[in-house]
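To find a chain, count down the sequence lines: A is the first, B the second, and so on, and within it residues start at 1.
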Amino acid sequence: MHFPSKANLLRPVNIAPKRAAEQHCLSLLQTCTSLSHLTQIHSLLLKLGLQHNPLVLTKFTSTSSTLNAIHYASSLLFSSNDNITHYDAFLFNTVIRAYSQTSSHSTAVYYYKLMLKNGVLPNKFTYPFVLKACACVGRLSLGEQVHGSVIKVGFDNDIHVGNTLVHAYGCCGGGIGFARKVFDEMPEWDSVSWSAMIGGYARLGMSSEAVGLFREMQVARVRPDEVTMVTVLSACTDLGALELGRWVESYIEREKVPKSVELCNAVIGMYAKCGDVDKALNLFRKMSEKTIVSWTSVIVGMAMHGHGLEAVSLFEEMKEDGLVPDDVVFIGLISACSHSGLVEEGRRYFNSMLEGFGIVPKIEHYGCMVDLLSRAGLVKEALDFVQKMPIEPNQIIWRTLIAACRSHGELNLGESITKQLIRNEPMHESNYILLSNIYAKKSHWEKKTKIREVMEKKGMRKIPGSTMIELDNEIYEFVAGDKMHNLYKEIYEMVDEMGREMKRAGYLPTTSEVLLDIDEEDKEDALNRHSEKLAIAFALLKTPPGTPIRIVKNLRNQARRIGIIKVKLQVQHLCLNLYWDHGELLRCVPPSGEAPNCLRVLGVSRYDRVPNRPVFRNGQSCSISPKEWGIAAEKDPFACSSSDDKACPPSNVFLFGA
DNA sequence: CTAGGGTTAG
């Protein structure tokens, strides 16, 4: 219906030609492809008094999705002397969606508020658009506001709206409980609802909740789709739950879940981070369509496992394949160089970012470089690098540097940087831990005690490091000195036996890294109480000879690292082809005739997460036991359809790297 | 005009 405006009433016009002109303009709109053409049509429409036509905006946003075009279009459409109440929800929806899609989330929210302010009633399409923007902004209060409006307008039973609410809350800091509440109160659920909720848990590192919810989904007989599988896989990756991940892959095969690129990437990422590099690489090679993310996943996977050279050659192969590197792949690449001591290569790649690809290095890239130099022992150069950085170094960079100072004996330098850091950020506990460790290394025990006291006064507590291990599809978690387990006596006996065998093989306990004011013998004892050793001992007790043992660490300077240990057990004789970490908790000269290099410290996963909550501890049953998997479990959940399912090859020795 | 997903320095 076309109502003539006041002006038109005063000056009668012939309606018919005008309608024809309008039709003409609209048909022009359908076919126009360039912004300038569009602008011409728009000025034509303006002359006809049709500036409110939402088609123009739709066309603007589809012709050119650049911000400029959208700004231009919205400034044309929302001129200040207009009465906005005459606009409809569709127009606002288009603007909100356009801004949301171009990552201008705050502007999207602004238009949503403008809409409300002017009494334009949102419709059921408005909320998914605006909630998506809320999710990206991540502000809980905003999510709550929109939620309130959803209830007021009465769309709280709409499944699309509900799903986006779950998602938005899941993305807002502290909103996961609200997300679950919305989820629980939804009248019905589809696979999107489940994926949104599982994905919310997975994103926060609440991975056992994520996996538990997936189980409930199966009990509820909702068929998971490829997105659901991606979220479950990322939870597996996070838990280091390789067996569970394998199960998910076989489920995908069995249930013929369509394999999107994202899903393939998730599977590859899971294998890579959980330690089955060969499998990851295999699947990667078989992928028909590889995106930059696929390459990045596999490059990062290689880097984690110490295959720096392979990571570098994959990168070169990627370029030959015609893919243009992005900033993310450079993070993986430089950290690959860093973990493999390829200092010159790392420098070269870092410089090539801007020179070769026009990518301005971000703080992460500078961080990688600081790590690269630090690990190589070039502490002074690293400091120099930091001081010359064009952007303000962040806490991570300083802490990297401090850690380097500690391990390369630059204790005074480390001490002064740490003190500065504490002055800037007095409530961050890891700074205190760093300082306390530096004092310990300097044998300043009183100062160390004082730091601990300060921390206590401020109510800070160190999150204890733990080690998890997946056995018979259950996950067991150990902390240092753990005696909670029923088998703890046997476990400690096994630790002793491991120690004897390792010493016989040439292991020297690195007691200098035990930062306690105790004598050497007690330090060895402290080493033997490490959660890693307890987990390994437990695994040795519970598994047949030749079983690869994989351990998962909950944190390492807030990073989670996944370690893989391959163990050979000869009757009662342990022959550990081991290992370990930058912290050098263990070191073992391998048995003669066998290649060294048996263990890698692997996997850095996500940082900005809530600290990992214990999955479950010490033999208590866990939510991911396949016996409890409901429907899926009835169908032999571990029937692996893939032919290369060789979890436990018969050979006794498993070598890594080399 | 509507929703959920894969890669990211310590």
Starting the side chain at C-beta, find the nucleotide from [options] nearest to [X].
X        : options             : result
A:Val227 : B:dG4, B:dT2, B:dG6 : B:dG4
A:Thr231 : B:dG4, B:dG5, B:dA9 : B:dG5
A:Phe90  : B:dT7, B:dT2, B:dC1 : B:dC1
A:Val293 : B:dA9, B:dC1, B:dG6 : B:dG6
A:Asn93  : B:dT2, B:dG5, B:dC1 : B:dC1
A:Pro128 : B:dG5, B:dT2, B:dA9 : B:dT2
A:Lys132 : B:dA9, B:dG4, B:dG5 : B:dG4
A:Asp158 : B:dA9, B:dT2, B:dG4 : B:dT2

Distance, rounded to the nearest Å, where [X] contributes [atom1] and [N] contributes [atom2]:
X        : N     : atom1 : atom2 : answer
A:Leu91  : B:dC1 : CG    : C1'   : 11 Å
A:Phe129 : B:dT2 : CZ    : P     : 6 Å
A:Met270 : B:dT7 : CE    : P     : 13 Å
A:Phe330 : B:dT7 : CZ    : C1'   : 14 Å
A:Glu249 : B:dG6 : CD    : C1'   : 15 Å
A:Lys273 : B:dT7 : NZ    : C1'   : 7 Å
A:Met304 : B:dT8 : CE    : C1'   : 10 Å
A:Leu372 : B:dA9 : CG    : P     : 15 Å

Original post:
Is there a donor on the side chain of A:Asp225 or the base of B:dG4 sitting less than 3.5 Å from an acceptor on the other?
Top reply: yes
Subject >> Check: B:dG5 base within 3.5 Å donor-acceptor of A:Ser260 side chain >> reply: yes
Once you apply a heavy-atom cut-off of 4.0 Å, does [X] come out as touching a base, just sugar-phosphate, or nothing?
X        : answer
A:Leu165 : nothing
A:Ser374 : nothing
A:Thr126 : nothing
A:Asp371 : sugar-phosphate
A:Leu263 : base
A:Asp327 : nothing
A:Val370 : nothing
A:Ser193 : nothing
A:Thr291 : base

Original post:
Is it the case that more than 12 heavy atoms not belonging to A:Arg223 sit under 6.0 Å from its CZ atom?
Top reply: no
Check this one for me: any side-chain N or O of [X] less than 4.0 Å away from OP1 or OP2 of [N]?
X        : N     : value
A:Lys259 : B:dG5 : no
A:Arg203 : B:dG4 : no
A:His167 : B:dG5 : yes

Original post:
Taking atom types as modelled, is there a side-chain donor on A:Ser149 or A:Tyr127 under 3.5 Å from an acceptor on the other?
Top reply: yes
**OP:** Could you check whether the rings of A:Tyr251 and A:Phe214 sit parallel, tilted or perpendicular, using 30° and 60° as the cut-offs?
**Re:** perpendicular
So, does [X] use its side chain to make a donor-acceptor pair with the main chain of [Y] at under 3.5 Å?
X        : Y        : value
A:Asp321 : A:Leu323 : no
A:Thr291 : A:Val293 : yes
A:Ser100 : A:Arg97  : no
A:Ser207 : A:Ala210 : no

